[in-house]
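Presented below is the structure to which this report refers.
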Amino acid sequence: MFIPHGNRAIVEILETPQGRAGRAGNIILTATDPHEQITGEVIVVGQGARDKNGKLIPMSIKVGDVVMFRKSAVDKFTVDGEKITLVNE
C-alpha cells in the first residue's frame, strides 16, 4: 500500500448525495462544479506536517474517518493498477 508523505491522506470516494449533482438551498450543484463537495473515507494517513522549527504536527484525521473536501482539491493517480485519491489535511 502506498503511504502518503507529510500531511496528506489517501481516501476512498463514497457514493453519497454530498458528492453528486443536486440542490443545496437555492444553489444548484452540477457534477462538473470544481467546488463540488466530495465525501470520502480515510484509508491511510501520512505522519503529519512539520512547523518552522521542524516539530511534527500530527494529523487530526485518522483511518476510518469520513471527510468532505472539494473535487478540485484532490490528486488522482494510479500505482500498480490501484487508483489512488490523495488529499491534503
Only distances under 3.5 Å count here; give the side-chain donor-acceptor pairs of residues 42-53 to other protein atoms, sequence neighbours excluded, each with its distance to 0.1 Å.
residue: Arg50; atom: NH1; partner: Gly54; partner atom: O; Å: 2.9
residue: Asp51; atom: OD1; partner: Asn53; partner atom: N; Å: 2.9
residue: Asp51; atom: OD1; partner: Gly54; partner atom: N; Å: 3.0
residue: Asp51; atom: OD1; partner: Lys55; partner atom: N; Å: 2.9

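Residue pairs meeting the ring pair (Phe, Tyr, Trp, His ring centres under 6.0 Å) criterion with at least one partner in residues 70-89, sequence neighbours excluded, are Phe2-Phe77. Pairs engaging residues 2-11 under the side-chain hydrogen bond (donor to acceptor under 3.5 Å, both in side chains) rule: Arg8-Asp75, Arg8-Asn88 [sequence neighbours left out]. Within the structure, the ring pair (Phe, Tyr, Trp, His ring centres under 6.0 Å) test picks out no pair touching residues 43-62 (sequence neighbours left out).
Val79 and Leu86 end up in the same hydrophobic cluster when Ile, Leu, Val, Met, Phe, Trp and Tyr side chains are linked at under 4.5 Å.
Atoms OG1 and CD, on Thr39 and Glu12 in that order, are 12.5 Å from each other to the nearest 0.5 Å.
Side chains of Glu82 and Asp80 form no contact here, defined as non-hydrogen atoms less than 4.5 Å apart.
Under the rule for a side-chain hydrogen bond (donor to acceptor under 3.5 Å, both in side chains), the partners of Lys62 that lie at least two apart in sequence or sit in another chain are Asp65. Qualifying side-chain hydrogen bond (donor to acceptor under 3.5 Å, both in side chains) partners for Thr78, counting only residues two or more places apart in sequence or in other chains: none.
Shortest non-hydrogen contact noted between Pro4 and Ala9 is CG-CA, 4.1 Å. Contact record, Gln37 with Arg70: NE2-CG, 3.6 Å, taken as the closest heavy-atom pair.
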